[in-house]
Amino acid sequence: MTKVLVVDDDAQILRALRINLTARGYQVLTAVDGAGALRAAADGQPDVVVLDLGLPDLDGTEVIAGLRGWTQVPIVVLSARTDSTDKVDALDAGADDYVTKPFGMAELLARLRAAVRRATVGQVDGDPVVSSSTFTVDLAAKRVIRGDSEVHLTPTEWGILEQLVRNEGKLVGQKQLLREVWGPAYSKETNYLRVYLAQLRRKLEPDPARPRHLITEPGMGYRFEK
């Protein structure tokens, strides 16, 4: 049973989500503020988090940062904020997806399934370790090492990197990458790729402004080079 932590200070939304998710086989934990969310995540170890940004004690981005300090659990933001800056800030903080209110339950459930699927990619065939001149990717262990340190990636960042590394030297089209990582419904959300590739480059490239390994093919897609 998938365990989901829902964080929202709106009692009606919290109740509606709890009822709908429970009816669909999820085990539901709830919290009404940021501090409670961090405690519930530590105690309950959810498989995915649904997080409102407008909490009474902490901004949602602070909660995301707090979670990312110790866990890579998928985080789906559910917020009334529609400005692109808010979305980018949440994604930069470590969120994996962003759903705006009002929302459809079918869409939210699809986003949850995609987030959990990205976080539970199975073992891979063949040589699981791929080394570039800057970092090493262990596909089986889902780990990235740069220098002597492990690089912490969100499940979405890992999903993108894994697809590129598996296709070393080959162009991976934007639509293909979006389908593989987010699912078929997101084949036109190319802005997602720009945000996440920028994050990956900051974490992995020696000079993110002049990427050596995560290459953009303008208008077409991306390519991984050792």
Side-chain angles (χ1 to χ4, degrees), residues 1-32 34 37 40-41 44 46-55 59-61 63-64 67-68 71-121 154-160 162-163 173-197 199:
M1 181 181 290
T2 300
K3 188 186 297 185
V4 55
L5 169 61
V6 181
V7 186
D8 202 306
D9 63 337
D10 186 317
Q12 288 185 322
I13 290 179
L14 205 62
R15 181 174 182 273
L17 287 173
R18 183 173 62 243
I19 291 171
N20 277 278
L21 290 170
T22 301
R24 288 165 173 81
Y26 289 87
Q27 181 181 349
V28 182
L29 309 174
T30 61
V32 296
D47 300 300
V48 61
V49 175
V50 176
L51 174 68
D52 181 29
L53 293 182
L55 300 173
D59 189 80
T61 55
V63 178
I64 296 169
L67 290 171
R68 285 291 171 255
T71 179
Q72 299 307 307
V73 63
I75 300 171
V76 178
V77 169
L78 183 61
S79 177
R81 301 178 188 176
T82 58
D83 189 89
S84 60
T85 301
D86 292 314
K87 295 181 181 181
V88 170
D89 287 345
L91 295 171
D92 277 343
D96 295 280
D97 206 344
Y98 197 108
V99 180
T100 55
K101 299 176 182 177
F103 61 94
M105 186 57 62
E107 178 189 5
L108 179 61
L109 288 168
R111 303 274 188 123
L112 286 179
R113 289 193 297 270
V116 173
R117 183 174 63 247
R118 292 194 296 269
T120 55
V121 175
T154 69
T156 301
E157 289 170 348
W158 170 262
I160 292 170
E162 180 185 30
Q163 290 299 321
Q174 293 176 339
K175 289 185 178 180
Q176 177 187 343
L177 198 51
L178 286 163
R179 282 196 303 268
E180 292 292 339
V181 178
W182 278 272
Y186 304 95
S187 61
K188 296 182 180 179
E189 303 289 346
T190 55
N191 58 308
Y192 282 22
L193 294 176
R194 288 192 293 273
V195 171
Y196 281 103
L197 263 295
Q199 291 176 185

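Residues: numbered from 1 along the sequence shown.
- Aromatic pair Tyr196/Trp158: ring centres not closer than 6.0 Å.
- Of all non-hydrogen atoms in Val77 and Ile64, the two that sit nearest each other are CG2-CD1, 4.0 Å.
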Worksheet item: Can you list the steps and then say if Ile160 with Leu177 is a side-chain contact (heavy atoms from CB on, under 4.5 Å)?
Response: CA-CA 7 Å; Ile160 292 170; Leu177 198 51; 4.2 Å; yes
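- Looking at every heavy atom in both residues, Ala41 comes nearest to Pro46 through O-CD, 3.5 Å.
- Summarising the geometry of Ser79 relative to Asp52, their closest heavy-atom pair is CA-OD1, 3.9 Å, with the distance given to 0.1 Å.
- Using a 4.0 Å cut-off between charged side-chain N and carboxylate O, Asp97 and Arg111 make a salt bridge.
- Looking at heavy atoms from C-beta onward, Leu78 lies in side-chain contact with Leu17 at the 4.5 angstrom threshold.
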Item to complete: Decide yes or no on side-chain contact (heavy atoms from CB on, under 4.5 Å) for Trp182 and Leu193, but give the supporting numbers first.
Response: CA-CA 10 Å; Trp182 278 272; Leu193 294 176; 3.8 Å; yes
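- The shortest distance between side-chain heavy atoms of Leu109 and Met105 falls below 4.5 Å.
- Side-chain contact between Asn191 and Glu189 is present, with heavy atoms from C-beta onward closer than 4.5 Å.
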Worksheet entry | side-chain contact (heavy atoms from CB on, under 4.5 Å) between Gln199 and Asp92, intermediate numbers included | CA-CA 7 Å; Gln199 291 176 185; Asp92 277 343; 2.9 Å; yes
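- When all heavy atoms of Thr61 and Ala93 are compared, the pair lying nearest together is O-CB, 4.1 Å.
- At least one side-chain heavy atom of Val99 sits under 4.5 Å from a side-chain heavy atom of Val76.
- Proximity of a side-chain donor or acceptor of Thr71 to a complementary backbone N or O of Leu67 within less than 3.5 Å is not detected.
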Practice prompt. Given side-chain contact (heavy atoms from CB on, under 4.5 Å), test Thr154 with Leu91 step by step and report yes or no.
Written response: CA-CA 10 Å; Thr154 69; Leu91 295 171; over 6 Å; no
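- Checking side-chain atoms of Arg68 against main-chain N and O of Gly94 turns up a donor-acceptor pair under 3.5 Å.
- In this structure, Lys3 contributes its side chain and Gly44 its backbone to a donor-acceptor pair below 3.5 Å.
- Closest approach of Leu55 to Val32, counting heavy atoms only: CD2-O, 4.3 Å.
- Among residues at least two apart or in separate chains, side chain to side chain donor-acceptor pair (under 3.5 Å) pairs with a member in residues 7-16 are Asp8-Lys101.
- Of all heavy-atom pairs spanning Pro155 and Asp96, the tightest one is CD-OD1, 3.5 Å.
- The ring-ring contact (aromatic ring centres under 6.0 Å, His included) test applied to Tyr98 returns no partner, not counting sequence neighbours.
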